[in-house]
Amino acid sequence: STLPSFEAAARHLSFSRAAEELHLTHGAVSRAVRSLEDHLGVQLMTRTTRSVRLTPVGAAFATEIRELLEHLAMATAAATGQTS
């Protein structure tokens with residue numbers, strides 16, 4: 001769940017909006033992103049009191065992750081016979 005949490009937070013530039021989309025809490029999304037950063041050993045987002053921004057590494061990683069998640073969704077739909 002770290003990759004979908006990061007991708008949504010990166011797209012919205014908001015942990016709260018990502019949480020709404022994923023039906024999680026703000027804290028869960030924040031922890032997932034922090035866990036991913038810890039795992040990778042790089043900072044993907046900078047956090048301020050009222051906003052989050054992508055680092056250059058985070059922006060590039062978000063683009064790659066978004067494409068992978070889209071391909072995964074299409075493969076899953078094809079495998080299960082879903083058209084949407």
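Source: prediction; values computed, not measured.
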Carefully, step by step, assess Glu37 and Thr55 under the rule side-chain contact (heavy atoms from CB on, under 4.5 Å). CA-CA 11 Å; Glu37 289 174 323; Thr55 64; over 6 Å; no
Is there side-chain contact between Val42 and Phe61, with at least one heavy-atom pair below 4.5 Å? no
Side chains of Leu24 and Phe15: does their closest heavy-atom pair fall under 4.5 Å? no
For the atom pair CG (Leu72) and CD (Glu70), what is the distance rounded to the nearest 0.5 Å? 11.0 Å
Which atom pair, heavy atoms only, marks the closest approach of Ala9 to Val29? CB-CG1, 4.2 Å
Is the closest side-chain heavy-atom distance between Val33 and Arg47 below 4.5 Å? yes
Please report the interatomic distance OG(Ser14) to CZ(Arg50), rounded to the nearest 0.5 Å. 12.5 Å
Salt-bridge criterion met for Arg11 and Glu7 (N-O under 4.0 Å): yes
If you count every heavy atom of other residues, nucleotides or ligands that lies below 6.0 Å from Arg53 atom CZ, does the total exceed 12? no
Hey, could you give me the OG/CG distance between Ser35 and Leu40, rounded to the nearest 0.5 Å? 9.0 Å
With rounding to the nearest 0.5 angstrom, report the CG to CD1 distance, Leu44 to Ile65. 9.0 Å
Rounded distance (nearest 0.5 Å) linking atom CZ of Arg31 with atom NE2 of His26: 10.5 Å
Quick one: closest heavy-atom pair of Ala10 and Leu54, and the distance? CB-CD2, 3.7 Å
Can you tell me how far the OG1 atom of Thr76 sits from the CD atom of Gln82, to the nearest 0.5 Å? 8.5 Å
